[in-house]
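Reading through the structure tokens given below for one structure.
On a predicted model such as this, the values are computed, not experimentally measured, just so you know.
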Amino acid sequence: MAAPHPETWLKPTPAGLHCIPGDFYIDPVRPVDRAVVTHGHADHARPGNKAVLATSETLAIMRARLGERAGGSLQPLRLGEAVTINGVSLRLVPAGHVLGSAQAVMEWRGSRAVVSGDYKRRPDPTCPPFEPVACDVFVTEATFGLPVFRHPPDGDEIAKLVHAAALFPERAVVVGAYALGKAQRVLALLRRQGYDAPVPLHGALLAMVELYRSLGVDLGPIEPATGAKREALKGRIVLAPPGATSDLWARRLPEPMVAMASGWMRVKQRAKARGVELPLVISDHADWDELVQTLKDVGAPEVWVTHGNEEALVRQATLMGIRARALSLIGFDEEEG
Amino acid sequence: MIRFAHLLDSLLLTPARNAKLRLMEEYFRSVPDPDRGWALAALTGALSFPAVKPAQIRALAESRVDAELFRWSYDFVGDLAETVALIWPAREDTATNFPPPPSLSEIVTGLRAATRAEAVEAVARWFDFLDATGRWALLKLITGGLRVGVSARLAKTAVASLGPVEPDAIEEIWHGLEPPYTELFQWLEGKGDRPHPGEKAVFVPLMLANPIEPGEMEALDPAQYLAEWKWDGIRVQLAARGGERRVFSRMGDDISGAFPEIAAALADGTVLDGELLVVRGGEVAPFNDLQQRLNRKTVTAKMLAQYPAFVRLYDALFIGGDDLRPLPLRDRRARLEAWYAGASHTLFDLSPLIPFASWAELEQLRADARSKGIEGLMLKRRDAPYVSGRPKGPWFKWKRDALTFDAVLMYAQRGHGKRSSFYSDYTFGAWRDGELVPVGKAYSGFTDEELVKLDRWVRNHTVERFGPVRSVEPGLVLEIAFDSVHESARHKSGLAMRFPRVHRIRWDKPAREADTVEALTKLKT
Ligand SMILES: [Zn+2]
Ligand SMILES: [Zn+2]
């Protein structure tokens, strides 16, 4: 008997992508009985599921973010290990997106589908790298699914940041960075370049940075920015969530120069519109070249494209001779980039 | 080119004027001639190249990238230059001994000598050796208009700080200078003499008025002010000096090509300020008629006859070679009247002064003046000299009250320049028989924050896309302010508005409660 095509057993539904024989959902957007969660970002890890299966790091992040509502029962699965759920074999494989992030590799009756969640291909000191897995259907994100998005080497961007702080000793450089993943990566990259000054953090970033440290990720010295003297913040690199860089909070800083660490910063007019003076193109999502390379690496004859600029990636896959379609899954947020 | 590209990039993203000055000063100090001179020319709009058309640039990109992928990308980014700069694929062979990126001088001199076709070829060659920011800067150069929030004046102010000299000292000699301005930099750095100011028909930045509200007049003495009608045409400067004759727009664009008869009518040594109108049989024609002549490089004899241009003069900067700018307005006006009486004119008249004794009397005159071609009143201090820019106090404009009505957003289009990644141009409609009929377009009146919200609303309520335009659900009410509304056969609604702008965004108001075409018709002048 020929292996069944994944479209017969893996279906987009209003609650999310449903594995029918296993009766579980991947990153459901509505509460379900059984959820497999690829990573801890709010648009993937939602509250209220009865049972949740994820890496132990993702579960820890969910507990920190959601408390009781993280799920009825939380089942950790080690990267690379497999479990069988109603005859479906499920394995979590590193996605290289943020700490704990994983691809869900599902196999049923000899047919294999990989739901990659969010991913990137370049090295990240805070999490293990993406591993391509050969499959029949590859489900990919497309946040930066346009050929205008090419992230430069992150070291160059961090060098710009360090340079700006040195050039303006009377100002503070406040970097907008998402609380989960981006803030920790920026810290780790700063340390790689030998920047060893303590980094003042906005209060909303402290908990997640602490969690990363408790899970063994070294991020160097940090301190709360709140309560620090204005004078003491001159010439410093300060981290804050993106929304805080332009609001009242930032006014406590000496002549703040607003920087933003995001793949969207590649488009100057976007940076300009957000009042960003120092755009840093640092992203936890694959850029165009990484997306295209990944399609080659997994060698799937068919890809399903979700969240982001699906149309262009579908076109590119088609040009590469791969069957491709856009999955209309709702509820994913392109803002976090 | 790399230094210049970084300068443009920083200028674009740096909001503060002083920080922009610092960036430019630092550039002019550290970059050698002739590169810095070409940069100054670019920043002051003094460079012109064979105009490479947007379609050619797009074609260039499509020679390297799939057309459909290009289209999706352009749709997202919004700005053609930026899309092309970002999408240009890296050369496969860049790892092995490629030449260094071209310098700004190499690019500028190359472009100045090139035909249009050669320019496009050169651009493709340079693209391979520049990064995305370099390509973006190159495209800004060749498509004209850097749009990085730097006026010619600000660039000259930055150069002046090299001296240091006053920015006006640069203005005085500016029209005698040619890029790359080596003698200017020599002088500022103490290595050469002050360049000699030439005599040319150059644009003198206009003196502009501040708006005034009725209550604010009480503090002013009516006897110190002259009143004139505010004409509904376009402000122009007519300049005839050093054997050259030019018509300049309000922003200093040379529009002589569109109005050759006006340019030809002045005697040398004269610079006048006035309102350009189309006047037929002594009557001011609608603004639309004037628009037929604008934005043309040349005009046909038929257009000259069909849309006769005319200038209503109100001020004189130079007459008979004398610089009148330091004189008080009453004396300039006397010189203007004497000059006017000295010859017969068919293309000019003088903007009449309106006699008035009190502000109340003037207010009555303004209220009655809903006639053709009048936008409101101008008040000018009798003793004020002619000062370029918008000085506070001497000149006021007192516009007729704006009208408002509630419209429903129908279509949104991506804007230009810094708004190019946002849907910022709005077509709105009014109800007629249960259907929305488009009645106008607005591009302004909202803050940057409101723009972000409007853009998000448009993206989330899109019904259909046609290229850069999206049609949206009829769900958002915009309160539109406008100066007047006229009959127009060219619009489906039968109406055309003057100066519509978004007055308020009525997030709270249900679309079905917006106004009707009939209600708008009642506001017609
Ligand atoms: Zn994510
Ligand atoms: Zn996501």
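For A:Val276, the part lying near chain B is the backbone, with the side chain staying farther off; criterion is any non-hydrogen pair under 4.5 Å. Only the side chain of B:Ala132 comes within less than 4.5 Å of a heavy atom of chain A; its backbone N, CA, C and O stay farther away. In this structure, the portion of B:Trp88 lying under 4.5 Å from any heavy atom of chain A is its backbone and not its side chain.
B:Thr133 and A:Lys268 are linked by a side-chain donor-acceptor pair at a separation below 3.5 angstrom, with hydrogens and angles left out of the test.
The interface of residues 315-323 of chain A with chain B, defined by heavy-atom distances below 4.5 Å, comprises A:Arg315, A:Gln316, A:Leu319. At a heavy-atom separation below 4.5 angstrom, chain B is approached by A:Phe168, A:Glu170 within residues 167-175 of chain A.
Counting non-hydrogen atoms of neighbouring residues, nucleotides and ligands closer than 6.0 angstrom, the CZ atom of A:Arg192 reaches no more than 12 such neighbours. Atom NZ of A:Lys160 has more than 12 neighbouring heavy atoms from other residues, nucleotides or ligands inside a 6.0 Å radius. Heavy-atom contacts from other residues, nucleotides or ligands closer than 6.0 Å to CG of B:Leu23 number more than 12.
A:Trp288 places none of its side-chain heavy atoms less than 4.5 Å from the side chain of B:Leu86. With contacts defined as side-chain heavy-atom distances shorter than 4.5 Å, the pair B:Thr83/A:Val148 qualifies.
Residues forming a ring-ring contact (aromatic ring centres under 6.0 Å, His included) with B:Trp126 (at least two apart in sequence, or on another chain): none. A:Ala15 meets the side chain to side chain contact (heavy atoms under 4.5 Å, CB included) test with A:Thr13, A:Tyr25, A:Arg30, A:Val32; sequence neighbours excluded.
A:Glu277 contributes atom CD, which lies 4.5 Å from atom OG1 of B:Thr14 (distance to the nearest 0.5 angstrom). Atom NZ of A:Lys272 and atom CG of B:Asp9 lie 11.0 Å apart (nearest 0.5 Å).
Scanning all heavy atoms of the two residues, the minimum distance from A:Ala312 to B:Leu69 falls at O-CD2, 3.2 Å.
Taking B:Trp136, B:Phe70, B:Tyr74 one by one and counting their heavy-atom pairs under 4.5 Å with chain A, the maximum is reached by B:Trp136. Listed options B:Arg71, B:Glu449, B:Arg22 were ranked by heavy-atom pairs under 4.5 angstrom with chain A; first place goes to B:Arg22.
Taking the six-membered ring where the residue is Trp, A:Trp264 and B:Phe76 present parallel rings, their angle staying beneath 30° rather than reaching 60°.
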